[in-house]
Every structure is written in C-alpha cells, then in structure tokens.
*Asks:* 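Structure incoming, see below.
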Amino acid sequence: MVKKCLFPAAGYGTRFLPATKATPKEMLPVLTKPLIQYGVEEALEANIKTMAVITGRGKRAIEDHFDISYELEHQIKDTSKEHLLTEIRSLIEKCTFSYTRQVEMKGLGHAILTGETLIGNEPFAVILADDLCTNSNDNVLKQMIEIYEKYQCSIVAIEEIPKDETHKYGVIDGHLVDNTEDVYRVTNMVEKPDSKDAPSNMAIIGRYILTPDIFDILRETSPGKGGEIQITDALLEQAKAGKVIAYKFKGKRFDCGSVDGFVEATNYFYNKTKG
Ligand code: G1P
C-alpha cells in the first residue's frame, strides 16, 4: 500500500522571478488554487492521506496554507465568501501534513533523501507540484498506484516529448512488458541529456512511486548533472536490477515551472470552469 506522498518544495523557482522572490513557487496560483494544492488533491484522490513536504527557507506560506486561519475564518463566517475556503478546509480535515527542511540545495535526489525521516521504510509517492496533471478519469497518481500494485517496484510516469527538449528531463530507455502499450521495463535512464545522447524521447514527469531502498541508494549516489544528487541516477541503480517501470500515463500535464506551461494550464482550467 502506498500511504504517503512526498512533495519536494525547497527549490528557488528562479524561472519565476521576481514572483518567487518572497513567495514559494508552489504557492503560485492557477486560477485561485496554488499549485501544491492541486498536488495534494491528486494524492488524496489516490487514497493517500499523509503528506510529507520538503521545504526550505522562505517556504513558510506552504505550512500556513494547510492550516486553519482562525482570524480569516472568523472574518468571513456567515458571509457570501465563506464557501471559498470549503475545499481547503476539507483537505486540512482529511489529510495530515508534516514538514522537514532541506538545508542545502543539493538536488532533487538530496531533497527526497531529506524526506526519509518523514517516510520511513515503506513505498511512497512523489509529486513535483510544478508538473500539474489532470485527467477526466483516474488521476495520474491513482493510475501509477495500480501499476505499482502489479509490479511492486519503483514506477516513473513518462511522456513522449520532442527530441530537442530532452535536456529538460530525465529520459528513459526500456522495453514494453506484458503485451501492454504503455508499461516499460526501464533499462537505462539519463538526466537531462543533449538530444544527440538521449536514449529515447520518453521523458520522466514529476510523478514517482519509489520503494524505500531508494534512500540507501541515494546516500551512495554521487553528484551528477549540474553537480546535484539526481533521483534519476539513483533510479538507474534500481533499473539495473530490473526494478523500475516507466508508465505512459493517461491525461494531460502542464509544465508550470515554465511561463508557457503555466499560461497554458491557466487557460485550460479557466476554459473548463466556463463549461
Ligand atoms: C526533475 C528531474 C527530471 C524530471 C523532471 C520532471 O527535474 O530531475 O528527471 O524529468 O523533474 O519535471 P527539474 O524539472 O526539477 O529540473
């Protein structure tokens, strides 16, 4: 059973400066909801109620968001605005949130390792909140948990990307398993390769299910691309033992870490509310 979801949220969000100078990038709203709330809702829909957040300096707004603001609630009680807090209140009631800080910015792998104290020795999900995912049926994480239940090893969500964008992603190589169309056994993975070195055009997006042995591997993983400890490199160790599945998910993903993706997501969700 996957019962916990880790949200690495310590990054600086430099692509959104100056907006992210004093505001965590995970708190940037698509319409009226911050990115991280979409992620928490996705986890909850996948029956995960324990949220573990890796924060850093300047990220306190995330903790405040998933807490009751008595003053505000008192102020809008019995007014026409009260319903605006219904969704977030219900999340706060249904989930528990715990936090730990990544003191040094040493990469996504290092952030995930920092979460060991909140996760312990069990499989867990990872959501990178700036990859905003949506689907009309089961959400991406829910789909991945089904795949995990079948294969009982680490799962990464993948998407085909234009070959000239491989330098933005972890890229996998693998072979289809069990006569499926969308499940690959991973044989290789490379963090942000140049297109000429990329093993395929199948890119990892910000959704993972990881088995807890990843922590021991991460402890031994040397800095890779950009001098940072990369989750892709740690996963490659599991992949060499045949223990990583890549799953081509059903649904849409918006790269809200980029201005273009953020605007696309905003337009998409806006048009959806207009019916
Ligand atoms: C991270 C990972 C990368 C993955 C991407 C998905 O990169 O390192 O392998 O493809 O997330 O969003 P980042 O976008 O944090 O640079």
Side-chain angles (χ1 to χ4, degrees), residues 5-17 20 24-26 28 35-36 38-39 42 53-56 59 102 105-115 125-134 140-141 144 154-174 184 186 188-195 197-210 214 217-218 221-239 244-249 251-262 264-265:
C5 185
L6 191 69
F7 293 83
Y12 294 124
T14 45
R15 278 189 286 176
F16 271 91
L17 282 170
T20 48
K25 68 170 173 173
E26 296 77 13
L28 296 178
L35 285 172
I36 193 162
Y38 287 93
E42 183 179 330
V53 189
I54 309 300
T55 66
K59 299 281 185 166
Q102 188 185 9
M105 300 302 133
K106 293 203 277 192
L108 178 58
H110 180 255
I112 291 173
L113 180 56
T114 306
V126 176
I127 290 186
L128 306 183
D130 51 14
D131 272 340
L132 180 46
C133 293
T134 175
V140 179
L141 202 57
M144 290 173 75
S154 289
I155 316 288
V156 295
I158 53 165
E159 177 176 281
E160 284 187 42
I161 50 151
K163 198 90 204 234
D164 62 355
E165 288 187 14
T166 56
H167 63 283
K168 297 185 193 165
Y169 299 95
V171 179
I172 68 124
D173 200 1
Y184 296 79
V186 176
N188 191 15
M189 50 207 311
V190 188
E191 179 67 6
K192 306 197 172 105
D194 288 342
S195 57
D197 306 320
S200 75
N201 68 335
M202 293 188 287
I204 302 168
I205 63 129
R207 298 288 181 280
Y208 305 78
I209 292 177
L210 301 174
I214 200 74
I217 301 173
L218 279 167
T221 302
S222 310
K225 191 88 186 180
E228 297 187 330
I229 296 170
Q230 299 294 349
I231 189 63
T232 306
D233 296 341
L235 278 163
L236 178 58
E237 290 307 308
Q238 291 185 330
V244 180
I245 291 288
Y247 168 62
K248 210 184 271 178
F249 68 94
K252 261 177 121 37
R253 173 197 66 115
F254 299 98
D255 172 15
C256 290
S258 76
V259 174
D260 285 348
F262 196 94
E264 262 174 56

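Nothing fancy with the numbering, it's 1 onward along the sequence. Start at 1 and go down the list; that is how both ligands and their atoms are numbered. This structure is a prediction, so every number in the text was calculated from the model and none was measured.
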*Asks:* Identify, for atom 10 (O) of ligand 1, the protein heavy atom at the shortest distance, and state residue, atom and that distance.
*Replies:* Ile204 O, 2.6 Å

*Asks:* At what distance is the nearest protein heavy atom to atom 2 (C) of ligand 1, and which residue and atom is it?
*Replies:* Glu191 OE2, 3.6 Å

*Asks:* Quick one: closest heavy-atom pair of Thr166 and Pro193, and the distance?
*Replies:* OG1-O, 2.9 Å

*Asks:* Near Gly170, which atoms of ligand 1 are under 4.0 Å from a heavy atom of that residue?
*Replies:* 3 (C), 4 (C), 9 (O), 10 (O)

*Asks:* Relative to the heavy atoms of Gly206, which atoms of ligand 1 are at a distance of less than 4.0 Å?
*Replies:* 6 (C), 12 (O)

*Asks:* Who's the nearest protein heavy-atom neighbour of atom 15 (O) of ligand 1, and how far?
*Replies:* Lys192 NZ, 4.6 Å

*Asks:* Do Thr114 and Gln102 meet the criterion of a side-chain donor-acceptor pair at a distance under 3.5 Å?
*Replies:* no

*Asks:* Against heavy atoms of Thr232, which atoms of ligand 1 measure under 4.0 Å?
*Replies:* 9 (O)

*Asks:* Considering all heavy atoms of both residues, which atom of Phe249 and which atom of Ala157 are nearest to each other, and what is their separation?
*Replies:* CD2-CB, 4.2 Å

*Asks:* Starting from atom 1 (C) of ligand 1, find the nearest protein heavy-atom neighbour and note its residue, name and distance.
*Replies:* Leu108 CD2, 3.9 Å

*Asks:* What are the two closest non-hydrogen atoms of Asn188 and Leu236, and how far apart are they?
*Replies:* OD1-CD1, 3.7 Å

*Asks:* Nearest protein heavy-atom contact for atom 11 (O) of ligand 1: which residue, which atom, what distance?
*Replies:* Leu128 CD1, 3.4 Å

*Asks:* Among protein heavy atoms, which lies nearest atom 12 (O) of ligand 1, and at what distance?
*Replies:* Asp131 OD2, 2.8 Å

*Asks:* Nearest heavy-atom pair of Lys163 and Ala198: which atoms, and what distance?
*Replies:* NZ-O, 3.6 Å

*Asks:* For Leu218 versus Ala234, what's the shortest heavy-atom pair and its separation?
*Replies:* CD2-CB, 3.6 Å

*Asks:* Would you give the length of the straight line joining atom OG of Ser154 to atom CD of Glu237, rounded to the nearest 0.5 angstrom?
*Replies:* 12.5 Å

